[in-house]
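Residue numbering restarts at 1 for every chain, and letters A, B, ... go by the order of the sequence lines. Please read these numbers as outputs of a predicted model, since none were measured by experiment.
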There are 2 protein chains.
Amino acid sequence: MPRPAKFIRTEAIASALQVFWQRGYHATSLKDLETALSMRPGSIYAAFGSKEGLFDEVLSHYAERSLTSLREKLLNRPSAMQGLREYLYSLANLGEREPAERACMLVKTLLELATTEPQLSARADAYLASMENLFCEVFMAAMQQNELEKGADPRFLAQQLQVAIFGLRIFSQRQTSPLRVRLLTEQIANQFTRVDKIA
Amino acid sequence: MPRPAKFIRTEAIASALQVFWQRGYHATSLKDLETALSMRPGSIYAAFGSKEGLFDEVLSHYAERSLTSLREKLLNRPSAMQGLREYLYSLANLGEREPAERACMLVKTLLELATTEPQLSARADAYLASMENLFCEVFMAAMQQNELEKGADPRFLAQQLQVAIFGLRIFSQRQTSPLRVRLLTEQIANQFTRVDKIA
DNA sequence: GACTTTATTGAGCAATCATTCAAGAAAGAG
DNA sequence: CTCTTTCTTGAATGATTGCTCAATAAAGTC
């Protein structure tokens, strides 16, 4: 079989992610993508079908990557609460990251495309639901490990946690000092993994 | 002096707000605005200068309106904490509102335009800082009224509160049941106006 | 009524948008 | 090498973008 594709799909998607994450869906033009991917329009369309198709694949890639990373940090840990704590602390440097990549891309997509591209927004929503479910599993594991009181409501805690992370990542987009973001992160980590939550 | 403008500026801005809030800045075309405002391009440009100028005025209008409403609810109250509690409970129905208007427009703007229109994003940021300051005043008043312990950090509490509201309003954009949003809202209200915070 | 001043109109502008496709280039198979 | 298959190219597509401006309409002043 002749002529393998010159571009590497995963690299193209990683480049496209960067552009879409920073500029958003509507403000990203095909010209932007041509530059970022070093591909000509024909190749992009041959490979991904459309701008929407490319975005869709980028979104999946981002979400799967995020979910995989979360699972590694949170599941099958000797102490679920310790894993959660470490994950939350990994957000402490949010204020020092690339500004346009501080907010979660799923959230940015959920907001930007709610009206204009509801199917893409719905896909982002579905991935966020998976993340909530993952948090729920963590709290259930913590209950089994006696790190969380028996009467706790893991679903509710998972949603509370997601609210806190949503808010933190939005806040980190504001032009405040990275230190304030760090302090807020630590407060959240303490709130959700506090000693007095232990049975 | 002859021929007064037929359109009413505040009404035009209110209509433009609805379109921009729902579709975002980049996905709103001049055709969308012509339809919403019932104005022809020439009139729009005579009145507002440019799409960016119109958006800027819309953003100011939204922010001033929000700030005024917040001040009414939160300042000069016999009990600052009671005012805060009532404000937070007013968010309990977020899950039943127009989907694309559940998230704060300032936040949507901060995220969407961070890279592509940094001056508009910065304006949204500045208004969010005013809101944080307002929250800070509320907590200071609560301390003076002995509704909050003397050692409390009003600035930190204000930022925590903003994080919670950011997160809640994003979460309410997800396709979850309005009841869950209500429960989360009540939890936040209790967290920030809890009895054991009182000195 | 005539005059002045401003608002409104909408056709039309260049630029950009996402997308297509015929032609050419590249690489393995024989 | 030739052949076949696939990938890449980039000019060109029609639609849409934000925006302009000369012509027209409307309202107060005199």
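In this entry the distance linking CD of B/E34 with P of D/dT16 reads 13 Å, nearest Å. The distance between atom CZ of B/F55 and atom C1' of D/dG18, rounded to the nearest whole Å, is 16 Å. A straight line from CD of A/E117 to C1' of C/dA18 spans 12 Å, rounded to a whole angstrom. The CZ-C1' distance, from B/R40 to D/dC21, rounds to 17 Å in whole Å. Remark: C1' of D/dT17 and CZ of B/R23 are 13 Å apart, rounded to the nearest angstrom. Separating the CZ atom of A/F7 from the C1' atom of D/dC7 is a distance of 9 Å, rounded to the nearest angstrom. The CG atom of B/L33 sits 17 Å away from the P atom of D/dT16 (whole-angstrom rounding). Atom C1' of nucleotide C/dT8 and atom CZ of B/F48 are separated by 14 Å, given to the nearest angstrom.
Summarising the geometry of B/S79 relative to B/E147, their closest heavy-atom pair is OG-OE2, 2.6 Å, with the distance given to 0.1 Å.
A cation-pi geometry, defined here as NZ or CZ lying under 6.0 Å from the six-membered ring centre and within 45° of its normal, holds between A/K51 and A/Y25.
Using a 4.0 Å heavy-atom criterion, one finds that B/S38 contacts no nucleic acid atom at all.
Listed candidates were D/dA27, C/dC17, C/dT9. Nearest to the side chain of A/K31 is C/dC17. Distances were taken from every side-chain heavy atom of B/K51 (C-beta onward) to each of D/dG18, D/dT8, C/dT8; the shortest belongs to D/dG18. For A/A5, the listed nucleotide lying nearest its side chain is D/dC7; candidates were D/dC7, C/dT8, C/dA27. For B/P41, counting side-chain heavy atoms from C-beta on, the closest listed nucleotide (D/dT8, D/dT20, C/dT8) is D/dT20.
A close approach under 4.0 Å does not occur between any side-chain nitrogen or oxygen of B/K6 and OP1 or OP2 of C/dA7. For A/Y45, a side-chain nitrogen or oxygen approaches OP1 or OP2 of C/dT19 to under 4.0 Å.
Heavy-atom nearest nucleotides on DNA chain C were determined for A/S29 and for A/G42, and the one closer to the 5' end corresponds to A/S29. The nearest heavy atom of DNA chain C to B/M39 and to A/L30 marks one nucleotide each, and the one closer to the 5' end goes with B/M39.
Ring pair B/F55/B/F20 is perpendicular by interplanar angle, where above 60° counts as perpendicular and below 30° as parallel. Aromatic ring orientation, B/Y87 versus B/F135: tilted (interplanar angle from 30° to 60°).
Inspection of the A/Q119 and A/E52 side chains reveals an N or O donor paired with an N or O acceptor under 3.5 Å.
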